[in-house]
Amino acid sequence: MTDRDRSADGPLAFFGGTFDPVHYGHLRCADEARQKLGLKNLYLLPAGTPPHRDAPQASVKQRLDMLELALKEFPHLLIDDRETRRSGPSYMVDTLQELRSEFPDRPLMLLVGQDAANHLHCWSRWRQLFDLANIVILTRPGAHTVYQPDLERQIQLRSSSDVEDFCKSKAGLVLHLEVEPIEISATNIKRKIHTGNMLASTLPAAVLEYIVKNRLYLTT
């Protein structure tokens, strides 16, 4: 995290993922959300050991290297690597507790895609997330929204439609933010790499070059 962000008093926003590999679906979505929320910077938060999915194929160092290469095209997206430095499963509630202890008075935002939001009730201590941060659910036209009843009640209770008010709140609100649909997935990228059919339009050229040089994702 930059010294300037540490000394400022505005909201801090975080977008988690394995980024295995990082691609334009992550990058353009995060940057569009950053602009719509009126934020100078937004932090990408790579998971160390994701608790709800298979372990990443690329190492922590390789995923961080690819993020650093990718963000040269997106100067207002930054990296917070705290989860990769922490042992054990990368539970988001632990990360937000750590951030809240560092920034007791700053508005915190956690950005999640609609698919992840649909399963938020499966996250560890998920109700505590609302006590620690505001939640931005990134939606797309036609996105499938199915919330477990208790989660749906929480979202309805905390729902906000005013971005300015949302950004002033320390925690506890939920904002649905529509972003442009980008049909890119890490799974499809790995499949194309495995079959030798790589598409440069799906990820930054420097990331693709790194993947080729380090012979990543050649096995399924």
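The basis for the numbers below is simple: all heavy atoms, side chains too, and nothing from hydrogens, waters or symmetry mates. Fair warning: this is a prediction, and the values are worked out from it, not measured in the lab.
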### Query
Can you find a heavy atom in the side chain of R140 that is under 4.5 Å from one in the side chain of C29?
yes
### Task
Would you mind checking if R28 and E32 are paired as a salt bridge, meaning a charged N to carboxylate O distance below 4.0 Å?
no
### Message
Looking at S90 and G48, would you say the former's side chain and the latter's main chain have a donor-acceptor pair under 3.5 Å?
### Response
yes
### Task
For atom CZ of R85, decide whether the heavy atoms of other residues, nucleotides or ligands shown that lie under 6.0 angstrom number more than 12.
yes
#### Entry: Min side-chain heavy-atom separation D20-K190 under 4.5 Å
yes
### Message
Are there over 12 heavy-atom neighbours, none belonging to Q148, within less than 6.0 Å of that residue's CD?
### Response
yes
### Message
Treating H176 as the side-chain partner and I137 as the backbone partner, does any N or O pair qualify as donor plus acceptor under 3.5 Å?
### Response
no
### Query
Hey, mind stepping through H26 and I184 against side-chain contact (heavy atoms from CB on, under 4.5 Å) and telling me if it holds?
CA-CA 9 Å; H26 302 128; I184 301 174; over 6 Å; no
#### Entry: Test item: side-chain donor near acceptor, Y91 and Q97, under 3.5 Å
no
### Query
If only atom types and distance count, is the side chain of K36 paired as donor or acceptor with the main-chain N or O of V163 below 3.5 Å?
no
### Query
Where is the tightest heavy-atom contact between T145 and N118, given as atom of each residue plus distance?
CA-OD1, 3.7 Å
### Message
Does any part of the side chain of M92, heavy atoms only, come nearer than 4.5 Å to the side chain of W126, both counted from C-beta?
### Response
no
### Query
Does some side-chain heavy atom of E83 sit less than 4.5 Å from a side-chain heavy atom of L45?
yes
### Message
Would you say L110 ends up clustered with L157 if hydrophobic residues are merged whenever their side chains have heavy atoms under 4.5 Å apart, either directly or through other cluster members?
### Response
no
### Message
Within this structure, what is the CD-CG distance for the pair E68 and L64, rounded to the nearest 0.5 Å?
### Response
6.5 Å
### side-chain contact (heavy atoms from CB on, under 4.5 Å) evaluation trace for L99 with F14
CA-CA 10 Å; L99 285 163; F14 300 86; 3.6 Å; yes
### Query
What heavy-atom pair brings D105 and K170 nearest, and what distance separates the two atoms?
O-CG, 3.8 Å
#### Entry: Heavy-atom closest pair, residues E98 and R82
OE2-NH1, 2.8 Å
### Query
Can you find a pair of side-chain heavy atoms, one from T18 and one from R53, that are under 4.5 Å apart?
yes
### Task
Using modelled atom types only, decide if a donor and an acceptor are shared between the side chain of N134 and the backbone of G172 within a distance under 3.5 Å.
yes
#### Entry: Any L39 side-chain heavy atom under 4.5 Å of M109 side chain
yes
### Task
Can you measure from CG (L42) to CZ (F74) and round to the nearest 0.5 angstrom?
12.0 Å
### Task
Give the ring-plane orientation class for F19 versus F15, where under 30° counts as parallel, over 60° as perpendicular and anything between as tilted.
perpendicular
### Query
With a 4.0 Å cut-off, would you call R127 and D150 a salt bridge?
yes
### N/O donor-acceptor pair under 3.5 Å between R34 side chain and L37 backbone
no
### Task
Kindly determine whether W123 and V112 satisfy side-chain contact (heavy atoms from CB on, under 4.5 Å), including the steps that lead there.
CA-CA 12 Å; W123 292 23; V112 297; 3.8 Å; yes
### Task
Report the residue from Q154, Q156, H119, E152 that forms a side-chain contact (heavy atoms from CB on, under 4.5 Å) with Y147.
E152
#### Entry: Between CG on residue L216 and OH on residue Y210, distance to nearest 0.5 Å
6.5 Å
### Message
Could you check whether any side-chain heavy atom of K192 comes within less than 4.5 Å of a side-chain heavy atom of T202, counting everything from C-beta outward?
### Response
no
### Task
Give, for atom CE of M66 and atom NZ of K61, the distance between the pair rounded to the nearest 0.5 Å.
10.5 Å
### Query
Shortest non-hydrogen contact from P204 to E73?
CB-OE2, 3.4 Å
### Summary
All heavy atoms of A70 vs all of L27, minimum pair found to be CB-CD1, 3.9 Å
### Query
How long is the span from the CG atom in L175 to the OG atom in S159, to the nearest 0.5 Å?
7.5 Å
### Query
At what distance, to the nearest 0.5 angstrom, does CG of L67 lie from CG of L44?
6.0 Å
### Task
Locate the shortest heavy-atom distance separating P21 from L203; write the atom from each residue and the value.
CG-CD1, 4.4 Å
### Message
With heavy-atom distances below 4.5 Å as the criterion, would you say the side chains of I211 and Y217 are in contact?
### Response
yes
